[in-house]
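The structure displayed is predicted, hence computed values, not measured ones. Just so you know, these numbers use all the heavy atoms, side chains as well, and skip hydrogens, waters and symmetry mates.
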Amino acid sequence: MTKTPDYFPARNFIDELRRYQKGSVTRRHFLGVTGLGLATAVLGGAVPGLRPRKAYAGLTGTLNVTTWPNYFSQENYDNFTKQTGVPININVFGSNEEMLAKLQAGSTGWDVLVPTNYTISTYKSLDLIEPLDLKLFPNYDPAQQDPRFLGPGTIDGVTYAVPKDWGTTGFIVNTKSTTENPASWKDFFALAQGPLSGKATVHDYQLTTIGSAAKSLGYSFNTVDPKELAEIEKLLVATKPHLFAVTSDYQPAMRNGDAAMAMCWTNDAAQLNRDLPEMSYRLGKDGGEIWVDHYAVIKGAPNRDAAYAFLDFILTPSINAKEIEAHGTPTTDARVLKLLPESILKNPILYPAAGQLSVLEYGAAETLTNPDRAELMARFKSA
């Protein structure tokens, strides 16, 4: 019988074993602190999952994942392919509207989609995503999810999507490129038309671009009021000639200095600030967006088996922690929180003060298909 090392007390061993079983620590941590690296084979039968994960059997073909820019760990995706033999083809989009239009056109070949909270009810009503069989990806544990973020994926008691992570929509400023100090969306649009003319970007995405303009005028992020939308359009059209770009992939312009200010999501802000500390992320004091992104499986997915294997793999706490560290977005999973370094947990970009979050709004389902907002965005982009 294998003994714990003399230098590692039995009580501590039991504590570490329980932490491992709960998913609070990684396999590497457990084996390292207990000194049981050589005993893995012996313990594997007694502690399910302690042995190295076997490749998922019987999977073939390619997995098609549709997601957002700069939003995944290439190392994790490569490791999934090594374990399963299934390569991942990544489709990147800049807005949920693009994703919806492509799905409605049919024959996408997609398997896994990363939709935002406000879109899921529409995807469900259009029969574009399937009810998820949670038994097929047991590494997801709804009991470990922050309950604030579980609502959008469950409709009439049926789970159609599970949380990936959450975040905010604010703006980022290169403090080496400007002495301006914007604190609100009102400031953002004023600077874009003034001192930072030619150096600002907004999203190619009606929800956030129209929503942030709405907040600058004192309206709801989700407004569909015709009079308010007319004022928003006036502001956006007046701003358009001053913008460097309308794009959801704005990191290159911020990194090379073409832009000095950009409408920005949490993960991009964390990546930019990590590499360039002069990049300062701000949440508008006049409000803005809080969001939760999810994983969903496309109805009729051509590689459904691989889709569920992928969900099981990517939502394993130790793997999910690497995902969070790579793209810099807050996790919804309590097990993952325990595995993240202090540098992430104490990063105010990822975990803003509660007072900053209290003024933010979730996107509303009606904005996804509202024709007035869609037409406003089209006119703004063509102005």
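Under the 3.5 Å distance criterion, the side-chain polar atoms of Thr266 are matched with a main-chain donor or acceptor of Thr168. Between the side chain of Asp111 and the backbone N or O of Ala307, no donor-acceptor pair lies under 3.5 Å. Not one N or O on the side chain of Trp68 forms a donor-acceptor pair closer than 3.5 Å with the backbone of Ser248. With hydrogens and angles ignored, the 3.5 Å screen pairs no side-chain donor or acceptor of Thr329 with any backbone N or O of Trp166. The closest donor-acceptor contact from the side chain of Tyr250 to the backbone of Ala259 lies at 3.5 Å or more, if one exists at all. Side-chain atoms of Glu323 come within 3.5 Å of backbone atoms of Ser73 as a donor-acceptor pair (strictly under, hydrogens ignored). Side chain of Asp312 to main chain of Asn139: a donor-acceptor pair is present (N/O by atom type, distance under 3.5 Å, no hydrogens or angles).
Residues passing the salt bridge (charged side-chain N to carboxylate O under 4.0 Å, His left out) test with Asp293, sequence neighbours excluded: none. For Ser280, the side-chain hydrogen bond (donor to acceptor under 3.5 Å, both in side chains) partners at least two apart in sequence or on another chain are Arg282. In this view, Pro341 and Glu325, Ser343, Ile344 satisfy the side chain to side chain contact (heavy atoms under 4.5 Å, CB included) rule, not counting sequence neighbours. With sequence neighbours excluded, the residues satisfying side chain to side chain contact (heavy atoms under 4.5 Å, CB included) with Glu180 are Thr178, Pro182, Leu191, Pro195. When the side chain to side chain contact (heavy atoms under 4.5 Å, CB included) test is applied to Glu361, the partners found at least two apart in sequence or on another chain are Lys215, Ser220, Phe221, Asn222. When the side chain to side chain contact (heavy atoms under 4.5 Å, CB included) test is applied to Asp249, the partners found at least two apart in sequence or on another chain are Pro69, Asn70, Thr247, Pro252. In this structure Asn370 satisfies the side-chain hydrogen bond (donor to acceptor under 3.5 Å, both in side chains) test with no other residue, sequence neighbours excluded.
Under the 3.5 Å distance criterion, with hydrogens and angles disregarded, a donor-acceptor pair is assigned to the side chains of Asp187 and Ser184. In this model, no donor atom of one side chain and acceptor atom of the other lie less than 3.5 Å apart for Tyr140 and Asp333. Of the N and O atoms on the side chains of Asn89 and Thr62, not one donor lies less than 3.5 Å from an acceptor on the other residue.
You'll find the side chain of Leu126 reaches within 4.5 Å of the side chain of Leu100, heavy atoms only.
Note: Phe171 and Trp185 have perpendicular aromatic rings, judged against thresholds of 30 and 60 degrees for the angle between ring planes. Ring geometry for Tyr71 against Trp291 counts as perpendicular: the plane angle is over 60°, on a 0 to 90° scale with 30° as the lower cut.
The ring of Tyr77 has its center closer than 6.0 angstrom to the ring center of Phe310.
Pairs passing the side-chain hydrogen bond (donor to acceptor under 3.5 Å, both in side chains) check and including a residue from residues 253-265, sequence neighbours excluded, read Thr169-Trp265, Gln251-Arg255, Arg255-Asp275, Asn256-Asp258. Judged as a side-chain hydrogen bond (donor to acceptor under 3.5 Å, both in side chains), the pairs with a partner in residues 229-240 (not counting sequence neighbours) are, in order, Gln193-Thr239, Tyr219-Glu231, Glu233-Arg379. Here ring pair (Phe, Tyr, Trp, His ring centres under 6.0 Å) pairs that include residues 93-130, with residues two or more places apart or in two chains, are Phe93-Trp110. Pairs engaging residues 345-360 under the side-chain hydrogen bond (donor to acceptor under 3.5 Å, both in side chains) rule: Glu342-Lys346 [sequence neighbours left out].
Using a 4.0 Å cut-off between charged side-chain N and carboxylate O, Asp225 and Lys227 make no salt bridge.
Between Glu228 and Thr223 the shortest heavy-atom distance is OE1-OG1, 2.5 Å.
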Name the atoms and distances for all side-chain donor-acceptor pairs under 3.5 Å in residues 147-163, with sequence neighbours left out.
from	atom 1	to	atom 2	distance (Å)
Arg148	NE	Asp146	OD1	3.3
Arg148	NE	Asp146	OD2	3.2
Arg148	NH2	Asp146	OD2	3.0

